[in-house]
Novice: 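Could you have a look at this structure, given as structure tokens, before my questions?
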There are 2 protein chains.
Amino acid sequence: MADNPSYKERKVITIGVVSELTGLSERQIRYYEERKLIFPERSPKGNRKYSFSDVEQLIDIANKREEGVQTYEIRQEMLKAKRKEERRYRKELLRGEINARFGVQKE
Amino acid sequence: MADNPSYKERKVITIGVVSELTGLSERQIRYYEERKLIFPERSPKGNRKYSFSDVEQLIDIANKREEGVQTYEIRQEMLKAKRKEERRYRKELLRGEINARFGVQKE
DNA sequence: CGTGTAAGGAATTCTGACACG
DNA sequence: CGTGTAAGGAATTCTGACACG
């Protein structure tokens, strides 16, 4: 589904660059991690690494915060969206299984 | 043509990460820049920033070097490919202009 | 030519804490 | 709650140079 090299998801960007890209302070970025809104990886020596996808997520968070939405609420929204996505995915899986057993044959 | 956000071309990766990604030493990466094989941007304070595209380019360079190709030769090949690409592009431009004046109308 | 390394300095990042509100 | 800041240390990056071959 995603590109195989998947430039968007590779966690390769350091916090300083993320700060420039998002306009957020490093303090804010680390705090949003503490509040479980963002999940960077760590380099061997402990430096945070973010993906472009994380950068976009942070920009969304920044917009919500400007509207006065609290981090807790943002987290709730994220969890809700995630559950919805999982339901959609399971449904898709199920459809595939049913087709494999009872569906019309291809060719 | 490329994605608008253009994750592949944004120069956001520090040299340490590029070193991990490519298996090349920082010394080698800086040297290939000196030889004009790679063109990182610089952060305000002078740190090199690379794109995913640069990383791929470096992997190609590493492969060529393993085959014993010298940096000078690699550079010549790159310049040749670039000129070829430019000819293709100008041809494309020209075709567009001709169509705009004399070509069949759409609709 | 291509790469390793030691050198010294400057910039980056990390954590835990105090501050304000 | 969300963010700024000073603190001290560790890791990163930079440049110019010497070394080997």
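Per chain, numbering begins at 1; letters A, B, ... match sequence-line order.
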Novice: Output all residues satisfying side-chain contact (heavy atoms from CB on, under 4.5 Å) with A/Glu34, sequence neighbours left out; order by chain, then residue number.
Specialist: A/Tyr31

Novice: Using heavy atoms and a sub-4.0 Å distance, could you list which residues of residues 22-31 of chain B are near DNA chain C? By number, please.
Specialist: B/Ser25, B/Arg27, B/Gln28, B/Tyr31

Novice: Check side-chain contact (heavy atoms from CB on, under 4.5 Å) between A/Leu94 and all other residues, then give those that pass, not counting sequence neighbours.
Specialist: A/Ile98

Novice: Tell me which residues in residues 53-80 of chain B put a heavy atom below 4.0 Å from DNA chain C, sorted by number, or none.
Specialist: B/Arg65, B/Gln70, B/Thr71

Novice: Are B/Glu92 and B/Arg95 within salt-bridge range, i.e. N to O under 4.0 Å?
Specialist: yes

Novice: Output the rounded distance in Å from CD1 (B/Ile13) to C1' (D/dT12).
Specialist: 16 Å

Novice: Taking NZ, NE, NH1 and NH2 as the nitrogens, is one of them in A/Lys64 or A/Glu67 under 4.0 Å from a carboxylate oxygen of the other?
Specialist: no

Novice: For D/dG2, does either OP1 or OP2 sit under 4.0 Å from a side-chain N or O belonging to A/Tyr32?
Specialist: no

Novice: Residues of residues 33-44 of chain B with any non-hydrogen atom less than 4.0 angstrom from an atom of DNA chain C: list those, numerically ordered, please.
Specialist: B/Arg35

Novice: Using both pair distances under 3.5 Å as the test, note the stems of at least 3 consecutive Watson-Crick or G-U pairs that include DNA chain C.
Specialist: C:2-5 with D:17-20, C:17-20 with D:2-5

Novice: With side chain to side chain donor-acceptor pair (under 3.5 Å) as the rule and sequence neighbours excluded, what pairs involving residues 39-48 of chain B come up?
Specialist: B/Glu33-B/Arg48

Novice: In terms of hydrophobic clustering (I, L, V, M, F, W, Y; side-chain heavy atoms under 4.5 Å; direct or indirect links), are B/Tyr32 and B/Tyr72 co-clustered?
Specialist: no

Novice: Name the atoms and distances for all side-chain donor-acceptor pairs under 3.5 Å in residues 53-62 of chain A, with sequence neighbours left out.
Specialist:
{"residue": "A/Asp54", "atom": "OD1", "partner": "A/Lys11", "partner atom": "NZ", "Å": "3.3"}
{"residue": "A/Asp54", "atom": "OD2", "partner": "A/Lys11", "partner atom": "NZ", "Å": "2.9"}
{"residue": "A/Asp54", "atom": "OD2", "partner": "A/Ser51", "partner atom": "N", "Å": "3.0"}
{"residue": "A/Asp54", "atom": "OD2", "partner": "A/Ser51", "partner atom": "OG", "Å": "3.2"}
{"residue": "A/Glu56", "atom": "OE1", "partner": "A/Lys8", "partner atom": "NZ", "Å": "3.4"}
{"residue": "A/Glu56", "atom": "OE2", "partner": "B/Tyr7", "partner atom": "OH", "Å": "2.3"}

Novice: Side chain to side chain contact (heavy atoms under 4.5 Å, CB included), that's the test. Do B/Glu20 and A/Val12 meet it? Break it down for me.
Specialist: CA-CA 10 Å; B/Glu20 290 172 20; A/Val12 296; over 6 Å; no

Novice: Minimum heavy-atom separation for A/Thr14 and A/Tyr50, please, with both atom names.
Specialist: C-CD1, 4.4 Å

Novice: Can you sort out the partners of B/Gln70 under side-chain contact (heavy atoms from CB on, under 4.5 Å), two or more places apart, ordered by chain and number?
Specialist: B/Glu73

Novice: Not counting sequence neighbours, which residues clear side-chain hydrogen bond (donor to acceptor under 3.5 Å, both in side chains) with A/Arg75? List them please.
Specialist: none

Novice: Taking atom P of D/dT12 as reference, at what distance in whole Å does atom CZ of A/Arg48 sit?
Specialist: 14 Å

Novice: For C/dT12, does OP1 or OP2 lie under 4.0 Å from any side-chain N or O of B/Thr14?
Specialist: no

Novice: Apply side-chain contact (heavy atoms from CB on, under 4.5 Å) to B/Phe39 and list each qualifying residue two or more places apart in sequence or on a separate chain.
Specialist: B/Lys36

Novice: OP1, OP2 of D/dT12 versus side-chain N and O of A/Lys45: anything below 4.0 Å?
Specialist: yes

Novice: Tell me every residue that passes salt bridge (Lys or Arg N to Asp or Glu O under 4.0 Å) with A/Glu97, counting only those two or more places apart in sequence or in another chain.
Specialist: A/Arg101

